Amino acid sequence: MHDIRTLRDDATLFDAAMARRGLPPAAAGILAQDSERRAAQTALQEIQSFRNALSKRIGEARRKGEDSAALEAEVSAKRAEMEALEKKVAGLDKAIFDTLAALPNVLDGDVPEGPDESANVVLKQVGAPTDLGFEPKQHFELGEALGMMDFETATKMAGSRFTILRGGLARLERALGQFMLDTHTTQHGYTEHTVPFLVNDATMFGTNQLPKFAEDSFRTTDGRWLIATSEIPLTNTVAGEIVPEAKLPIRLTALSDCFRSEAGASGRDTRGMLRQHQFRKVELVSIVHPEQSVAEQERMTASAEKVLELLGLPYRRVVLSSGDTGFGAVRTFDLEVWLPGQQMWREISSCSNTRDFQARRMNARFRNAEGKVGGFVHTLNGSGVAVGRALIAVMENYQQADGSIRVPEALVPWMGGAEFIRKV
RNA sequence: GGAAGGGUGGCCGAGCGGCUUAAGGCGCACGCUUGGAAAGCGUGUGUGCGUGAAAGCGUACCGAGGGUUCGAAUCCCUCCCCUUCCGCCA
């Protein structure tokens with residue numbers, strides 16, 4: 001959510017920022033409505049002031065037992081004009097709010113220019129693409145052969161883009177989630193949370209799922225929403241709060257199921273469990289002082305990278321281009337893991353700084369050492385990492401020629417000591 | 001789901017149609033007092049918006065949204081949330 005003052009201060013700069021997002025100039029139209037609104041509000045306030053003064057005199061007159069009919073008539077005469085102005089102000093307020101709420105965040109200066117993911121820039125690579133020494137299989141081939149990944153039965157009961165895991169792979173998914181949570185809580189200072197998977201409209205607005213991206217989420221019959229990521233409940237823990245500065249930074253993590261309608265993704269990644277309506281993810285959220293968000297994004301991304309390093313997965317860090325950066329982010333680092341079966345780097349984590357964009361929507365502020373409200377906090381979110389995709393990555397990178405899966409060393413304690421997943 | 005009681009400023013809490021730009025207290029800030037502190041005393045202490053060079057002035061805000069009225073924290077309606085009891089239930 002933008003502060004209208006940034007448009008008033010420099011409309012050209014704002015339009016330039018929107019142009020980087022591929023959007024037409026918007027400032028002039030909004031500012032025209034803004035000045036119209038202010039004029040109407042001033043006119044309204046003059047009438048309100050007049051009314052308040054007369055109402056006071058009416059009260060005094062009545063207490064003295066005098067006749068107040070003339071004064072009452074004088075106020076009543078203004079009624080139509082006042083209602084019209086109230087309506088105008090409210091209408092313009094809503095129009096301006098709706099427009100601002102639908103505009104994406106202003107990108108950081110160091111975000112590379114480009115129309116889409118083709119312009120993303122690789123910042124570093126850790127590990128080389130795995131050389132297995134035989135023809136690698138894709139995860140769904142491996143999983144089905146093991147009898148532990150069942151798309152057919154899941155589709156029967158729920159439709160496409162659902163998967164049933166069994167036995168060793170179900171255990172592996174659980175182990176990955178526990179391992180990631182334990183890593184972030186014991187090594188990176190994040191506090192574990194369990195959160196609601198169903199949330200209300202205001203919460204969805206706070207983390208930018210609403211109003212623009214309603215079709216990406218599932219809605220319940222009682223008007224709630226299934227969370228698309230635990231970023232939503234975690235970040236909204238500070239909604240409406242004034243956090244003492246001494247409590248910052250606040251670092252939160254949760255393992256949750258995530259629900260996405262994948263509207264508009266038809267035909268993409270239809271094989272296997274790369275893109276599902278329901279998947280598990282360990283999320284990292286940081287609530288920080290405004291001066292700390294740039295450093296925190298680096299720290300958060302490093303925390304996610306640590307998980308991939310411990311799992312021994314080749315990955316690279318990519319900074320998303322202007323055309324690929326999400327609505328609420330000023331800058332996003334993606335982590336891409338190597339998938340031997342696909343012979344491709346695929347996204348497994350996305351770490352974004354939103355600065356005060358979400359905080360403004362949620363009205364999340366901090367109180368400084370002097371006890372004054374110091375402004376909006378900055379919020380960041382990142383996957384630490386996507387559990388379903390980590391499962392795929394482990395399967396494809398640790399597959400053996402006989403179709404079994406070796407368990408990464410770091411994961412063995414969470415697997416009850418098992419070192420291999422074999423067909424039973 | 002049913003019944004009752006509630007939601008007021010950073011916190012507690014009064015107010016239940018005009019004298020409230022919300023009493024009082026706590027907390028906080030500054031000052032007086034003191035060798036220093038505590039206590040005491042005094043002063044100040046919300047947010048948004050509009051207007052203004054500024055000081056200031058105006059306006060809105062007492063869970064949210066509507067309504068009644070010359071005037072609403074106060075009355076009416078709808079919704080949300082909290083507490084207690086009952087019912088149901090992993």
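Note that this is a predicted model, so its numbers are computed, not measured. Note on naming: letters A, B, ... go to the chains in the order of the sequence lines (proteins, then strands), and numbering restarts at 1 for each one.
The side chain of A:Arg62 sits closest to B:C70 out of B:U59, B:C49, B:C70. Listed candidates were B:U47, B:G50, B:C70. Nearest to the side chain of A:Arg51 is B:C70. Of all nucleotides listed (B:U51, B:G58, B:G18), B:U51 comes nearest to the side chain of A:Thr42. Looking at the side chain of A:Gln48, the nearest of the listed nucleotides B:G58, B:A60, B:G71 is B:A60. Here B:U47 is the nucleotide among B:G50, B:U47, B:G18 with the atom lying nearest to any side-chain atom of A:Arg365.
Within 4.0 Å of A:Arg224, counting heavy atoms only, lies no atom of the nucleic acid at all. A:Leu54 comes within contact range of no nucleotide atom at all, as no heavy-atom separation falls under 4.0 Å. Looking at heavy-atom distances under 4.0 Å, A:Arg57 makes no contact with the nucleic acid at all. Note on A:Gln41: a base of the nucleic acid sits closer than 4.0 angstrom, heavy atoms only.
When rounded to the nearest whole Å, the span between CE of A:Met82 and C1' of B:G71 equals 10 Å. In this structure, A:Glu60 atom CD and B:G18 atom C1' are separated by 9 Å, rounded to whole Å. Between the CD atom of A:Glu245 and the P atom of B:G10 there is a distance of 18 Å, rounded to whole Å.
For the OP1/OP2 pair of B:C49 and a distance below 4.0 Å, the side-chain nitrogens and oxygens of A:Arg5 include at least one atom meeting the criterion. Neither OP1 nor OP2 of B:U59 sits under 4.0 Å from any side-chain N or O of A:Arg38. Taking 4.0 angstrom as the limit, A:Ser49 places a side-chain polar atom (N or O) nearer than this to OP1 or OP2 of B:U59. At least one side-chain nitrogen or oxygen of A:Asn52 sits closer than 4.0 Å to the OP1 or OP2 atom of B:A60.
Taking the six-membered ring for Trp and the full ring otherwise, the centers of A:His2 and A:Phe357 sit less than 6.0 Å from each other.
Between A:Ala53 and A:Glu72, the residue whose closest nucleotide on RNA chain B is further toward the 5' end is A:Ala53. Between A:Arg79 and A:Ala39, the residue anchored closer to the 5' end of RNA chain B is A:Ala39, taking for each the nucleotide with the nearest heavy atom.
Exactly one of A:Arg280, A:Arg389, A:Arg166 qualifies for a salt bridge (Lys or Arg N to Asp or Glu O under 4.0 Å) with A:Glu173. That residue is A:Arg280.
A donor-acceptor pair shorter than 3.5 Å can be found between the side chains of A:Asp334 and A:Ser350. A donor-acceptor pair shorter than 3.5 Å cannot be found between the side chains of A:Gln399 and A:Lys137. No side-chain N or O of A:Arg271 forms a donor-acceptor pair with one of A:Gln138 less than 3.5 Å apart. A:Glu296 and A:Ser286 share a side-chain donor-acceptor pair at under 3.5 Å.
Ring-plane geometry between A:His188 and A:Tyr190 is classed as perpendicular, the angle between the planes exceeding 60 degrees on a 0 to 90 degree scale with a lower cut at 30.
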Note to self: Only Watson-Crick and G-U wobble pairs with both distances less than 3.5 Å should count. Give RNA chain B in dot-bracket notation, marking inter-strand partners with |.
What the structure shows: ((((((((.[[[..)..(.....]]]((((((.......))))))((((((....)))))).[[[[[..)....]]]]])))))))....

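With A:Phe50 as the aromatic partner, A:Lys78 meets the cation-pi criteria of under 6.0 angstrom to the ring centre and within 45 degrees of the ring axis.
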